[in-house]
Protein chains: 2
Amino acid sequence: MSSEKSCVVRHFRYYHPLSDEDIKLLARLEDSATPVRAGTVLWEERDEAHEFCTLKHGWAFSYRELENGTRQILEIYLPGDIIGLREFAFSQRLAGVQMIEDGEVCFFPHRNLVDIFRQSFTLTSILFAIASRQQVLLTERLVNLARRNARQKLAHFILEMFQRLRQTEANGSDSLRLPLSQEILADLLGLSPVHVSRTFTALNDDGLVFRERYQVKIPDLEALKQEAGFDDRYVIENMRPLFDDKES
Amino acid sequence: MSSEKSCVVRHFRYYHPLSDEDIKLLARLEDSATPVRAGTVLWEERDEAHEFCTLKHGWAFSYRELENGTRQILEIYLPGDIIGLREFAFSQRLAGVQMIEDGEVCFFPHRNLVDIFRQSFTLTSILFAIASRQQVLLTERLVNLARRNARQKLAHFILEMFQRLRQTEANGSDSLRLPLSQEILADLLGLSPVHVSRTFTALNDDGLVFRERYQVKIPDLEALKQEAGFDDRYVIENMRPLFDDKES
DNA sequence: CGCTGTATTGACATGCCTCAACAAGTGTGG
DNA sequence: CCACACTTGTTGAGGCATGTCAATACAGCG
């Protein structure tokens, strides 16, 4: 089993058991990992799009740059995530992608995904489920940006990351490493860096979030969820079985 | 050809030609249309989710209600759209759906979509493309909400609708029917209804958008795009062919 | 013809932004 | 191992876009 080695396989398994056949197909998505340094831009908006990539190590983010000089960060990618699914149907990149830390990525052509559609019903369903979930998370972020104040936005984002990290690195700790500068947080949450700083100290003063450097501690998870209006209905545990299990 | 009758088939054909086989499969998604009155709630958040539906006539929207009493509208659905794709992988509804006008909808079980995965590679690819595009639109909305001021938000939304309507009802006119109250617009754009009203009059004063009742006229499309920071890179014309055409 | 929901307008409040100065950490080369 | 530059975070003062509340106008509909 190459199962332990591949974070993509691990990722997919959350949704449904995989046959050896499927694992072999997936393995092709992780050919030839290439190391990348922090700050590297994997691609920019409007570049030609012929490939996806999977993230093996390190964090990355995707972003859009606006005509008014601001930048909106759309997505934080963690190890095991597939980057670029969004553009599946487009010939141009619609968002840039940049590495946050040193890491490793594996590029693979669009073609491979289409092959998966052709060859594996299970993987197709899982991919659809992943896309569906991604959209749900995106929706939640949209609500967060549109309807909440700075305090809630920040709290909510921290909780989202906490939950996503839990899913893969399940340790029962009450803290997480969040290697994001306040500028990045600002660009994520539609705030100014200055206000992110103020908001952090406010949350700190109220004993909801303690942070030093990139380490964030959540002393009272429930209190923070309350504050953020956080709702974990979209955690993976609430997802349904993808299909009645008649074939693998 | 049942092509002219079915708006779902028409919708799918934008992405790729369909075989008769595929059309038959799709037809099952449009069994038994049921009429629904304006204001009808098709389902609410947290309802059990066993089915999708396609919209045959009329407009609908999906929404989330927040703990703080506000509501965020996520999506406006037009005839031909599939409603509920978002929840494909979930067992609960994550958003409510309500009709804006009288219309007609067709429910069909999740099962049917899974059958499509099993039986038609072409339709699977198209569905993936639709999901991909939906996500791109959602992303654009997110940017709009996070980064733009009220003027731009409203202008941008009008342009998005203008473009979507063009795609199906291609008439060269410079105006569109937008049967949305200012309260709905406010809930879409993360503004207060009061401010929507002010923004409309501001756009009117500047000669960018003329509106009376639900009829909206755009005298200078380019000027409005400029104002809104609107970017049509994600129009359907920029989408790539889904696969090398070896089978239907 | 009045009733009910929808839109407009004004006065005032406020959350977040901007600018600017300063502090604290981080890395680099001598 | 220190000195310096650079990046990142903190704090304060003042401004502005948008929100809230409330009163009025308007439109569609029975």
Side-chain angles (χ1 to χ4, degrees), chain A residues 37-39 61 66 68-73 98 100-102 144-158 177-206 209-216 227-229, chain B residues 37-39 66 68-73 98 100-102 144-157 177-206 209-216 227-229:
Chain A
R37 312 296 322 243
F61 65 90
L66 296 232
N68 59 26
T70 63
R71 172 178 79 164
Q72 177 63 33
I73 293 183
Q98 188 175 354
I100 292 172
E101 311 176 285
D102 293 351
N144 198 31
L145 284 167
R147 290 286 156 194
R148 299 199 231 258
N149 60 24
R151 239 177 120 77
Q152 292 184 301
K153 284 183 188 180
L154 184 53
H156 196 278
F157 173 72
I158 291 171
R177 198 180 72 94
L178 204 67
L180 307 174
S181 69
Q182 298 194 353
E183 188 186 359
I184 288 187
L185 288 170
D187 287 350
L188 259 165
L189 301 176
L191 299 170
S192 65
V194 180
H195 206 66
V196 170
S197 171
R198 290 191 224 273
T199 307
F200 258 129
T201 69
L203 287 175
N204 184 83
D205 292 350
D206 298 352
V209 169
F210 297 123
R211 169 191 60 100
E212 39 188 281
R213 290 274 323 110
Y214 291 150
Q215 207 63 31
V216 174
E227 172 73 32
Chain B
R37 313 297 321 245
L66 297 230
N68 59 26
T70 63
R71 173 178 77 163
Q72 177 63 34
I73 294 183
Q98 189 174 355
I100 293 172
E101 312 175 284
D102 292 352
N144 198 31
L145 285 167
R147 293 284 155 195
R148 300 199 230 257
N149 61 24
R151 239 176 121 78
Q152 292 185 301
K153 284 184 189 179
L154 184 52
H156 196 277
F157 173 72
R177 200 179 69 95
L178 203 67
L180 307 173
S181 69
Q182 298 194 352
E183 188 187 357
I184 288 188
L185 288 170
D187 287 350
L188 259 165
L189 301 176
L191 299 169
S192 65
V194 182
H195 206 67
V196 171
S197 171
R198 290 194 225 271
T199 307
F200 258 129
T201 70
L203 287 175
N204 184 82
D205 292 351
D206 298 352
V209 169
F210 299 123
R211 169 193 58 102
E212 40 189 281
R213 289 274 325 111
Y214 290 149
Q215 206 64 31
V216 174
E227 172 73 31

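The analysis underlying the following values was restricted to heavy atoms, covering all of them including side chains, and did not include hydrogens, waters or symmetry mates.
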Problem set entry | Main-chain N/O of A:A38 paired with A:D102 side-chain donor or acceptor, under 3.5 Å | yes
Exercise. Between B:R211 and B:N204, is a side chain to side chain contact (heavy atoms under 4.5 Å, CB included) present by the stated rule, with each step listed?
Worked result: CA-CA 8 Å; B:R211 169 193 58 102; B:N204 184 82; over 6 Å; no
For this session: Kindly state which residues belonging to residues 188-201 of chain B come within less than 4.0 angstrom of DNA chain D, counting heavy atoms of the residue only, listed by number.
Result: B:G190, B:L191, B:S192, B:V194, B:H195, B:R198
For this session: Check every strand shown and say whether A:R211 touches a base, only sugar-phosphate, or nothing at a heavy-atom separation below 4.0 Å.
Result: sugar-phosphate
Problem set entry | A:E227 side chain to A:Q152 backbone, donor-acceptor under 3.5 Å | no
For this session: Check whether any side-chain N or O of A:Q98 sits under 3.5 Å from a backbone N or O of A:F61 as a donor-acceptor pair, and report yes or no.
Result: no
For this session: Find the distance A:R213:CZ to C:dG25:C1' and express it as a whole number of Å.
Result: 7 Å
For this session: Keeping the roles fixed (side chain from B:R147, backbone from A:D187), state whether a donor-acceptor pair exists under 3.5 Å.
Result: yes
Exercise. Any idea which heavy atoms bring B:P193 and B:Q182 closest together, and the distance?
Worked result: O-OE1, 4.0 Å
For this session: Could you check how far CD of B:E183 sits from C1' of C:dT8, rounded to whole Å?
Result: 15 Å
Exercise. Whole Å only: how far is the CG atom of B:D187 from the C1' atom of C:dT6?
Worked result: 14 Å
Exercise. Checking side chain to side chain contact (heavy atoms under 4.5 Å, CB included) against A:K153, which of A:V196, A:L185, A:I158, A:L191 comes through?
Worked result: A:L191
Exercise. Does anyone know the first and last nucleotide of DNA chain D in reach of chain B, 5' to 3', at under 4.0 angstrom to a heavy atom?
Worked result: D:dT18 to D:dG28
Problem set entry | Expected output: side-chain B:Q215 to main-chain B:L178 donor-acceptor under 3.5 Å | no
Problem set entry | Whole angstrom value for the distance that separates P of C:dG15 from CG of A:L145 | 19 Å
